[in-house]
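Single-structure report; data block below.
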Amino acid sequence: MNPSFSPFQEHRRPARSRFVHSAFVVAVFVAVHPSAGAQTAGDPPVLTLERALQLAQLRSAGIVAEDAAATAARSMSIAAGQLPDPTLTVGLNNLPVNGPDQFSVGRDFMTMRSIGIAQEFTRSSKLKARAARFEREAQAAEAAGELTLANLQRDTALAWLDRYFEERVGELMAAQRDEAKLQIDAAETAYHSARGSQADVFAARSALARIEDRLAQSQRDLGTARTQLARWVGAPADEALGPLPALETVSLRPEDLETALVHHPQIAMMLEQEAAAQAEADEARANKRPDLSVALMYSQRGSTYSNMVSINVSIPLQWDQRNRQDQELAAKLALIRKMRAEREEETRMHVAEALAMLQQWRSDRERLGGYDASLLPLAADRIDAALAAYRGGTGSLTSVLEARRTQLDTRLESLRLKQEAARLWAQLNYLAPAGHGAAQNPQ
């Protein structure tokens with residue numbers, strides 16, 4: 001299971017300062033902890049999971065994009081709270097086009113050269129509503145940035161863990177290959193000394209061929225894992241990996257799911273989008289009251305006539321509010337109901353998925369205990385018994401090879417189970433970005 005979980009806190013810093021602060025914290029961490037950042041002179045670089053998360057965050061273009069979106073919305077919020085620009089008008093009115101005063105601008109008493117200015121006076125409630133809408137959009141962009149960060153950390157952790165376990169599988173297969181080569185030598189020696197059969201030689205060679213095929217598949221999977229990790233951290237994806245983090249606990253409890261996932265970044269973003277839609281509805285409600293426009297004009301006539309000043313006030317006639325403004329407001333309110341229902345449905349889905357992952361993670365941990373306590377020791381005991389029988393002349397090399405193949409399969413199954421549990425751990429621990437609010441009580 002790999003749900004698209006997609007960091008939220010009720011109190012936020014502005015987008016730009018928040019992400020600049022994150023980068024500063026990362027830089028300070030690297031400076032204070034050399035093992036997580038640059039290595040000391042002479043030491044080969046080591047890519048720990050913590051360092052991989054830091055590198056991924058520093059090189060993420062998605063976080064920069066959401067930061068820019070929040071900055072843009074806040075700039076629009078400032079602009080939307082201002083009055084519209086005044087309008088300057090210049091005109092020539094009542095110019096004669098025939099007769100004795102044709103095209104004269106000063107002989108006819110009605111000819112006027114005019115200059116004026118007009119201003120729309122938008123109601124303060126509308127300006128506040130428009131500014132609030134863009135401010136809500138900025139907060140939604142911040143929440144989207146938190147979601148981007150959560151997904152980034154989760155996917156980086158998954159890629160790091162995949163490479164780690166693929167390397168362990170490769171090491172196991174390489175050791176088994178070397179042992180299979182020794183078994184071929186032993187089978188051929190026994191055959192040439194008449195203590196074994198040619199069938200044993202073929203069986204040993206067949207076992208080696210199967211191991212080499214699985215090793216080739218493992219190398220392919222490892223190459224894929226390196227490519228996925230490089231997608232997030234760049235060139236350091238080829239560095240040696242550090243040790244596994246502590247995978248025995250997750251910061252989530254079943255009884256806390258409902259409250260914890262209120263701060264899930266996907267839900268947080270939907271909450272902010274819902275608030276932005278509410279701000280649009282408030283703006284639509286404010287639009288039901290028309291605005292005034294005032295125009296002042298100064299008109300100059302011929303030298304023998306008086307100049308004139310004109311003042312005009314205009315107001316829109318909302319004569320059909322029932323079919324215009326009321327319908328616009330109704331549409332905005334319906335959109336809010338839609339978004340609220342979607343958020344509630346998304347919350348239920350995330351709770352169910354998180355609970356399923358938590359149950360599966362616990363089950364995997366219990367199964368791993370069974371592997372360590374019984375399955376792996378039993379596979380080793382079977383090999384010892386088969387070897388003892390073969391050396392005593394009562395068993396066959398085929399039985400030894402079968403026992404070794406069973407042990408290899410068991411060890412591979414144990415590794416894959418550890419990888420699956422580690423992936424579930426990453427998905428549960430990075431429901432929200434590290435250090436943000438999913439839950440604080442380890443299990």
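- We find that R362 and E366 are not joined by a salt bridge, their nearest charged nitrogen and carboxylate oxygen being 4.0 Å or further apart.
- Here the CG-CG distance, from L215 to L208, works out to 10.0 Å after rounding to the nearest 0.5 Å.
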Residue pair R74, E142: steps toward the side-chain contact (heavy atoms from CB on, under 4.5 Å) verdict: CA-CA 11 Å; R74 282 207 162 85; E142 290 180 359; 2.7 Å; yes
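- E248 and W361 make their closest contact through O-CH2, 3.3 Å (heavy atoms, listed as atom of the first residue, atom of the second, distance).
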Please set out all donor-acceptor pairs under 3.5 angstrom arising from side-chain atoms of residues 313-327, sequence neighbours excluded.
from : atom 1 : to   : atom 2 : distance (Å)
Q318 : OE1    : Q321 : NE2    : 2.5
Q318 : NE2    : N287 : O      : 3.0
D320 : OD1    : N323 : ND2    : 3.1
D320 : OD2    : N323 : ND2    : 3.3
Q321 : NE2    : K288 : O      : 2.7
D326 : OD1    : K288 : NZ     : 2.8
Q327 : NE2    : R322 : O      : 3.2

Check against side-chain contact (heavy atoms from CB on, under 4.5 Å), L161 and L244: CA-CA 8 Å; L161 290 167; L244 275 177; 3.7 Å; yes
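- A heavy-atom distance below 4.5 Å is found between the side chains of Y430 and L53.
- Contact between A276 and R136 at its shortest, heavy atoms only, is CA-CB, 3.5 Å.
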Check against salt bridge (charged side-chain N to carboxylate O under 4.0 Å, His left out), E283 and K126: CA-CA 6 Å; E283 183 182 356; K126 288 186 181 181; over 6 Å; no
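- By the neighbour-count criterion of 12 heavy atoms within 6.0 Å, atom CZ of R289 is sparsely surrounded, having that number or fewer from other residues, nucleotides or ligands.
- Counting only distance, with no hydrogens or angles, the side chain of S75 and the backbone of T71 share a donor-acceptor pair below 3.5 Å.
- In plain terms, the two heavy atoms of A141 and E66 that are nearest each other are O-OE1, 3.6 Å.
- Annotation for T89 and I117: closest pair OG1-N, 4.4 Å, computed over non-hydrogen atoms.
- Heavy-atom minimum distance, P86 versus Q119: CB-OE1, 3.3 Å.
- The line from CD of Q139 to CD of Q273 is 12.5 Å long, rounded to the nearest 0.5 Å.
- Using a 30° and 60° split on the angle between ring planes, H350 and H264 fall in the parallel class, below 30°.
- At least one donor-acceptor pair closer than 3.5 Å links the side chain of Q82 to the backbone N or O of I78.
- Checked by atom type and distance alone, the side chain of S77 pairs as donor or acceptor with a backbone atom of A131 at under 3.5 Å.
- Put simply, the side chain of L172 does not reach to within 4.5 Å of the side chain of R168, judged on heavy atoms.
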Check against side-chain contact (heavy atoms from CB on, under 4.5 Å), Q278 and D282: CA-CA 6 Å; Q278 180 63 59; D282 293 340; 3.2 Å; yes
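- One N or O on the side chain of D291 and one on the backbone of R123 form a donor-acceptor pair closer than 3.5 Å.
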Full working for salt bridge (charged side-chain N to carboxylate O under 4.0 Å, His left out) between K338 and E342: CA-CA 6 Å; K338 169 182 175 292; E342 289 176 343; 2.8 Å; yes
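- In terms of modelled atom types and a separation under 3.5 Å, the side chain of S363 and the main chain of Q359 share no donor-acceptor contact.
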Test log, rule salt bridge (charged side-chain N to carboxylate O under 4.0 Å, His left out), inputs D364 and R416: CA-CA 10 Å; D364 288 348; R416 291 306 185 190; over 6 Å; no
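- Residues L431 and Q427 are not in side-chain contact: their nearest non-hydrogen atoms beyond the backbone lie 4.5 Å or more apart.
- For R348, the salt bridge (Lys or Arg N to Asp or Glu O under 4.0 Å) criterion is met by E345, not counting sequence neighbours.
- Evaluation of the side-chain contact (heavy atoms from CB on, under 4.5 Å) rule for E239 yields P45, L47, R51, P236 as partners, not counting sequence neighbours.
- With rounding to the nearest 0.5 angstrom, the OG atom of S60 is 8.0 Å from the CG atom of L149.
- The pair R130-E280 does not meet the salt-bridge criterion, since no charged nitrogen lies less than 4.0 angstrom from a carboxylate oxygen.
- Side-chain contact of D162 with Q419: a donor-acceptor pair under 3.5 Å is present, judged by distance alone.
- With sequence neighbours excluded, no residue forms a salt bridge (Lys or Arg N to Asp or Glu O under 4.0 Å) with R367.
- In this structure, L376 CG and T410 OG1 are separated by 6.5 Å, a value rounded to the nearest 0.5 Å.
- Side-chain atoms of T347 come within 3.5 Å of backbone N or O of R343 as a donor-acceptor pair.
- Pairs engaging residues 133-187 under the ring pair (Phe, Tyr, Trp, His ring centres under 6.0 Å) rule: W160-Y164 [sequence neighbours left out].
- Side-chain polar atoms of R220 and T224 form no donor-acceptor pair below 3.5 angstrom.
- Atom CG of L412 is separated from atom CG of L417 by 12.5 Å, given to the nearest 0.5 angstrom.
- Residues E272 and E146 fail the side-chain proximity criterion, which asks for heavy atoms closer than 4.5 Å.
- Under the 4.5 Å side-chain criterion, counting only non-hydrogen atoms from C-beta, I336 is not in contact with K332.
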Residues E413, K418; criterion side-chain contact (heavy atoms from CB on, under 4.5 Å); working and verdict: CA-CA 9 Å; E413 288 168 5; K418 288 179 181 178; over 6 Å; no
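- Minimum interatomic distance between S414 and Y371 (heavy atoms only, all atoms of both residues): CB-CD2, 3.8 Å.
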Residues 401-408, side-chain donor-acceptor partners within the protein, below 3.5 Å, at least two apart:
from : atom 1 : to   : atom 2 : distance (Å)
E402 : OE1    : R405 : NH2    : 2.2
R404 : NE     : E179 : OE2    : 2.7
R404 : NH1    : E179 : OE2    : 2.3
R404 : NH2    : E179 : OE2    : 3.0
T406 : OG1    : R382 : NH1    : 3.1
T406 : OG1    : E402 : O      : 2.9

Verdict with reasoning, R205 to E188, per salt bridge (charged side-chain N to carboxylate O under 4.0 Å, His left out): CA-CA 10 Å; R205 290 176 178 173; E188 289 177 344; 2.5 Å; yes
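- Without hydrogens or angle criteria, W425 side chain to T249 main chain gives a donor-acceptor distance under 3.5 Å.
- Under 4.0 Å is where a charged nitrogen must lie from a carboxylate oxygen, and between E420 and R423 no such pair does.
- With a 4.5 Å cut-off on side-chain heavy atoms, M270 and M339 do not count as touching.
- One distance of note links CG of D213 with OG of S218; it measures 11.0 Å at 0.5 Å rounding.
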